Protein chains: 4
Amino acid sequence: MPRETFNVISDDKRQRIYISAAKIFARDGFAKANTSEIAKDANISKGSLYDYFENKEDLYLTVSTHAISESRKNIDSIIDHSMNFFDQLKSIFLQGLKFVIENREYAQLYANISTSGMEDFAKKLTLKVEKHTADYYKNALKKGISDGIIRPDIDIKMVAFIINSLYVILMISVVSEHYRIRLGEYFEVEDAEIEKEIESKIDALVGIIRMSLENRKETKS
Amino acid sequence: MPRETFNVISDDKRQRIYISAAKIFARDGFAKANTSEIAKDANISKGSLYDYFENKEDLYLTVSTHAISESRKNIDSIIDHSMNFFDQLKSIFLQGLKFVIENREYAQLYANISTSGMEDFAKKLTLKVEKHTADYYKNALKKGISDGIIRPDIDIKMVAFIINSLYVILMISVVSEHYRIRLGEYFEVEDAEIEKEIESKIDALVGIIRMSLENRKETKS
Amino acid sequence: MPRETFNVISDDKRQRIYISAAKIFARDGFAKANTSEIAKDANISKGSLYDYFENKEDLYLTVSTHAISESRKNIDSIIDHSMNFFDQLKSIFLQGLKFVIENREYAQLYANISTSGMEDFAKKLTLKVEKHTADYYKNALKKGISDGIIRPDIDIKMVAFIINSLYVILMISVVSEHYRIRLGEYFEVEDAEIEKEIESKIDALVGIIRMSLENRKETKS
Amino acid sequence: MPRETFNVISDDKRQRIYISAAKIFARDGFAKANTSEIAKDANISKGSLYDYFENKEDLYLTVSTHAISESRKNIDSIIDHSMNFFDQLKSIFLQGLKFVIENREYAQLYANISTSGMEDFAKKLTLKVEKHTADYYKNALKKGISDGIIRPDIDIKMVAFIINSLYVILMISVVSEHYRIRLGEYFEVEDAEIEKEIESKIDALVGIIRMSLENRKETKS
DNA sequence: CATGAATGAGCATTCATTCAT
DNA sequence: AATGAATGAATGCTCATTCAT
């Protein structure tokens with residue numbers, strides 16, 4: 001929904017806008033964020049911002065969509081469908097963690113969509129994000145079953161939901177103060193160690209998932 | 001942190017303030033919420049609001065703390081430590097769902113703590129909420145192990161974290177537009193059916209958890 | 001349409017607002033007028049202005065309605081229905097002129113309603129102003145006819161329209177630069193003498209009207 | 001005052017600018033009108049507009065002058081100085097009405113000059129418009145007197161002023177919401193019938209003027 | 001000559017907070 | 001203790017005008 005002009009400007013300028021808007025929206029949330037500050041931070045004028053976007057909401061939606069799209073591209077780029085499902089999972093969790101650490105604002109923008117007052121944004125953004133991921137998990141599970149490495153009696157929808165829920169919570173635990181503190185409490189680690197802790201626990205987490213899903217007959221044979 | 005006067009006023013007035021503030025903060029989020037509207041909705045004057053609370057943040061903190069405390073009391077009241085762990089889990093999930101449906105605002109207030117701009121609130125609120133829950137799960141798991149119904153080789157912290165994460169996501173999926181849409185996509189149901197869907201899936205979810213944790217030797221014997 | 005609060009404040013403050021708003025709206029027109037300047041000029045805060053009025057339009061409408069109502073009250077107060085119609089006319093024109101000179105802003109507010117972009121205001125204001133005046137003229141003319149001093153064959157509606165049109169143009173000629181220059185050109189006088197010129201010509205104008213309307217039979221008899 | 005470039009461009013482009021600017025200034029008034037919209041409507045760039053005109057005011061002045069000049073040319077073209085004065089009057093009113101109906105924007109531009117905030121414009125525009133008309137009426141009246149068809153005892157300046165005032169009000173009553181409503185109230189007709197009503201009343205209006213001015217001796221003889 | 005992206009002063013309106021009554 | 005009028009900083013957005021291309 002950004003105006004035509006936004007697609008015409010230099011890549012550099014467009015990037016600065018993405019970065020500044022992501023940073024400030026991520027830090028302050030939609031309502032508190034200040035469009036003037038975003039313009040100043042991106043080193044453009046307020047007027048230009050409104051040449052590129054219809055209004056604050058349009059800017060927010062655009063930058064959030066961009067953030068989500070980048071996150072997805074990042075994950076998609078490392079998925080190897082020929083890999084064993086559980087190895088894929090591990091790659092996804094590790095790569096996701098890496099991306100979130102390097103792009104905290106993007107994860108925060110994602111987290112904010114679930115907030116009060118963001119219902120309109122959720123209606124416009126959520127489906128396009130989640131459907132892709134849900135479909136991936138469901139298909140990968142089906143394939144795992146037909147490949148004989150996953151138990152055929154699982155509830156695919158439920159398992160997909162559970163796996164992605166754990167992914168979401170882990171990633172948000174990097175960028176949200178609340179979830180950081182919560183994770184620190186569960187794992188009994190200091191704030192500064194959260195990222196390392198998460199990374200070190202991914203193996204174990206995928207192990208638990210594997211233990212629940214793996215086809216035992218397969219294992220025995 | 002509310003002023004002393006807040007504890008002196010009639011229970012009815014205090015309740016009205018809790019209800020109105022919860023409703024409006026839950027609907028709009030902290031930044032967008034309007035203190036005048038809260039005062040009007042609670043049928044008190046703006047001046048009184050500022051007699052009871054230092055500022056908007058104090059009001060928010062107070063009402064959120066109240067909401068979280070109510071949620072906890074509700075869960076605690078139905079926990080029966082003598083029950084089988086998995087049955088306790090099922091009770092907790094069902095009771096939590098019921099409470100969230102009846103007190104959507106409370107769950108929304110909880111969800112909002114994880115938002116951008118709420119870091120200060122998280123620092124003040126999160127620990128007191130999560131520690132209690134984390135401790136419960138860890139102790140219950142330990143007891144399950146010593147009772148022989150839970151495999152002794154599990155990572156207690158991790159399992160506690162996973163179980164509560166699923167609880168949190170399920171509850172937030174009732175009240176957050178984003179998570180509702182997401183859950184609808186995973187389970188392939190319409191928005192209107194979300195609550196029923198969650199309720200109907202709790203059995204299966206606890207079943208999966210049980211399958212992963214249950215002590216097989218015990219089962220075999 | 002002003003808010004309740006506007007009726008509650010001190011008369012002095014209310015007057016200051018009327019005066020400042022009338023002055024600035026009259027000087028700049030609706031679009032160019034600055035609400036901050038009005039507040040400052042009235043010695044109140046911007047916030048208060050918006051406590052009293054919903055928005056700029058509401059303020060404009062309120063102050064214009066007040067201006068028109070004052071103008072009318074002023075004329076009504078000197079109309080003596082027992083007087084000869086032509087003498088009434090003369091009183092009205094003279095009194096109107098005096099009021100306009102002393103309350104230029106009020107006349108300017110009236111003049112502005114006819115401007116481009118003021119259609120919405122006209123729809124809300126015009127009828128209530130003009131109906132009263134139109135009715136007065138029509139009734140006074142009817143009475144003049146039945147009293148035998150006005151020719152019975154006149155087109156009452158047309159004559160009422162003509163008389164009021166001349167009144168309107170004369171009054172606006174005091175306050176509108178355009179109409180001042182125009183009147184100066186017709187009467188061949190300098191700008192500084194406009195008011196005196198108008199006053200001195202009222203006799204002649206009413207004389208012309210009388211000449212057109214007076215019942216000649218009556219005169220002859 | 002437009003820049004030289006404005007006289008160099010194609011007639012078509014110049015016309016488009018006149019039409020678009022007249023339309024938008026007439027609709028919104030000077031302050032509210034948007035130069036970007038005018039440029040877009042005229043199918044030229046904003047930059048070009050500022051190549052042709054110094055600023056918004058220059059554009060306004062130029063287009064208003066053009067509008068007034070067109071109005072005058074239109075009237076002048078049908079005046080037949082050899083005609084009886086009252087027949088000339090009738091022609092002028094009828095032709096003026098026709099022109100206003102077909103060129104509403106031009107009449108609105110004229111009407112707007114009398115508005116608050118337009119004083120500078122009035123100083124630059126009014127005289128050149130009104131002097132021509134005032135002179136015409138004064139001369140025509142003098143000729144009428146010397147021809148013996150108009151009473152020699154009239155106040156020529158006053159009569160010229162009155163006649164033109166009625167012309168002005170009638171014409172503005174077509175294009176100004178305020179004056180339309182007002183006229184509708186005096187003549188007791190619906191808005192949709194205003195134009196027809198004015199046309200049908202021109203005969204009567206000129207009749208009244210004739211009755212006041214006509215030389216009775218002439219008539220009797 | 002023409003273009004339209006860029007600028008930033010300017011403005012209507014909101015809202016947390018204070019304080020006189 | 002309660003009230004709600006008063007305050008003014010803050011903010012989203014507009015638009016006349018400029019200027020590099």
Side-chain angles (χ1 to χ4, degrees), chain A residues 3-6 8-10 13 31-40 43-59, chain B residues 3-6 8-10 13 30-40 43-59, chain C residues 3-6 8-10 13 31-40 43-59, chain D residues 3-5 8-9 13 30-40 43-59:
Chain A
R3 295 243 171 80
E4 261 303 303
T5 48
F6 184 61
V8 173
I9 57 177
S10 74
K13 190 180 280 190
K32 196 180 161 201
N34 180 327
T35 54
S36 298
E37 189 185 359
I38 291 172
K40 186 176 285 182
N43 213 23
I44 62 170
S45 71
K46 245 185 304 184
S48 288
L49 207 55
Y50 281 86
D51 282 345
Y52 308 147
F53 305 95
E54 278 186 49
N55 49 35
K56 191 184 184 184
E57 180 174 331
D58 185 22
L59 170 60
Chain B
R3 297 241 171 78
E4 291 185 16
T5 47
F6 183 60
V8 174
I9 58 177
S10 74
K13 190 181 281 192
F30 176 74
K32 197 179 158 200
N34 183 324
T35 55
S36 299
E37 190 187 357
I38 292 172
K40 183 176 287 181
N43 214 19
I44 63 170
S45 72
K46 260 184 288 187
S48 289
L49 208 55
Y50 279 82
D51 285 343
Y52 307 148
F53 304 95
E54 278 185 50
N55 48 34
K56 192 184 183 182
E57 183 174 330
D58 185 21
L59 170 59
Chain C
R3 296 243 171 80
E4 262 303 303
T5 46
F6 184 61
V8 173
I9 58 178
S10 74
K13 188 179 283 193
K32 196 180 160 200
N34 181 325
T35 54
S36 299
E37 189 185 358
I38 292 172
K40 185 175 287 182
N43 214 22
I44 62 171
S45 71
K46 247 183 304 184
S48 288
L49 207 56
Y50 280 84
D51 283 343
Y52 307 147
F53 304 96
E54 277 186 49
N55 50 34
K56 192 184 184 184
E57 181 174 333
D58 185 22
L59 170 59
Chain D
R3 297 243 170 79
E4 291 184 16
T5 48
V8 174
I9 57 177
K13 191 181 279 191
F30 177 74
K32 197 180 158 200
N34 183 323
T35 54
S36 300
E37 190 186 357
I38 292 172
K40 183 177 287 182
N43 214 19
I44 62 170
S45 71
K46 261 186 286 186
S48 289
L49 208 55
Y50 278 83
D51 284 342
Y52 308 147
F53 304 96
E54 278 186 47
N55 50 33
K56 192 185 184 183
E57 182 175 330
D58 185 22
L59 169 61

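All values derive from a computational prediction rather than experimental measurement. Proteins get letters first, then strands, A, B, ... in listed order; numbering begins at 1 in each.
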request  = Give D/Val8 one of three labels, base, sugar-phosphate or nothing, depending on what nucleic acid heavy atoms sit under 4.0 Å from its own.
outcome  = sugar-phosphate
ask   = Is any side-chain nitrogen or oxygen of B/Thr35 closer than 4.0 Å to OP1 or OP2 of E/dA16?
value = yes
query = What are the two closest heavy atoms between C/Tyr50 and C/Asn55, and how far apart are they?
reply = CE2-CA, 3.8 Å
request  = Return the minimal non-hydrogen interatomic distance between D/Leu49 and D/Thr35, and the atom names on each side.
outcome  = CD2-O, 3.6 Å
task = Would you mind telling me which residue lines up with the more 5' stretch of DNA chain E, A/Thr5 or C/Asn55, judged by nearest nucleotide?
result = A/Thr5
query = Can you check the A/Ile9 CD1 to F/dA20 P distance for me, whole Å?
reply = 19 Å
task = Using modelled atom types only, decide if a donor and an acceptor are shared between the side chain of C/Lys56 and the backbone of C/Ala31 within a distance under 3.5 Å.
result = yes
query = Should F/dA1 form a Watson-Crick or G-U wobble pair with both distances under 3.5 Å, which nucleotide is its partner?
reply = none
request  = State, to 0.1 Å, how close D/Ser36 and D/Asn34 come at their nearest heavy-atom pair, and which atoms those are.
outcome  = N-OD1, 2.8 Å
key: Upstream residue (5' side of DNA chain F) when A/Gly47 and D/Gly47 are each assigned their closest nucleotide   = A/Gly47
ask   = Does the side-chain contact (heavy atoms from CB on, under 4.5 Å) test come out yes or no for D/Glu57 and D/Phe30, once each step is laid out?
value = CA-CA 8 Å; D/Glu57 182 175 330; D/Phe30 177 74; 4.3 Å; yes
query = Of A/Ser36 and C/Leu49, whose closest DNA chain F nucleotide lies nearer the 5' terminus?
reply = C/Leu49
query = In whole angstrom, what separates C/Glu37's CD from E/dA12's C1'?
reply = 14 Å
inquiry  = Considering every strand and a 4.0 Å limit on heavy-atom distances, what is the contact class for B/Ala33: base, sugar-phosphate, or nothing?
reply    = sugar-phosphate
ask   = Between E/dT3 and D/Ser48, is there an OP1 or OP2 to side-chain N/O distance shorter than 4.0 Å?
value = yes
message = Using whole Å, what does the distance between atom P of nucleotide F/dA16 and atom CD of D/Glu54 come to?
response = 16 Å
ask   = Is any side-chain nitrogen or oxygen of C/Lys56 closer than 4.0 Å to OP1 or OP2 of E/dA12?
value = yes
request  = Mind checking D/Ala31 for me? I need base, sugar-phosphate or nothing, with any heavy atom below 4.0 Å counting as a touch.
outcome  = nothing
task = Pick base, sugar-phosphate or nothing for D/Tyr52, based on heavy-atom distances below 4.0 Å to the nucleic acid.
result = sugar-phosphate
ask   = Taking only side-chain nitrogens and oxygens of C/Asn34, does any of them come within less than 4.0 Å of OP1 or OP2 of E/dA12?
value = yes
ask   = Quick one: D/Lys40 NZ to F/dC15 P, roughly how many Å, whole number?
value = 12 Å
task = May I ask you to verify if any side-chain N or O of B/Tyr50 is less than 4.0 angstrom from the OP1 or OP2 atom of F/dG4?
result = no
remark   = If pairing means Watson-Crick or G-U wobble with both distances under 3.5 Å, then the partner of E/dA16 is F/dT7
ask   = Of the non-hydrogen atoms in D/Asp51 and D/Thr5, which two are nearest, and what is the gap between them?
value = O-OG1, 2.9 Å
ask   = Are A/Lys46 and F/dT11 close enough that a side-chain N or O sits under 4.0 Å from OP1 or OP2?
value = no
task = For F/dT11, take OP1 and OP2 only and decide whether either is under 4.0 Å from a side-chain N or O of A/Lys32.
result = no
query = Looking for any heavy atom pair under 4.0 Å, which part of the strands does A/Lys13 touch: base, sugar-phosphate only, or nothing?
reply = sugar-phosphate
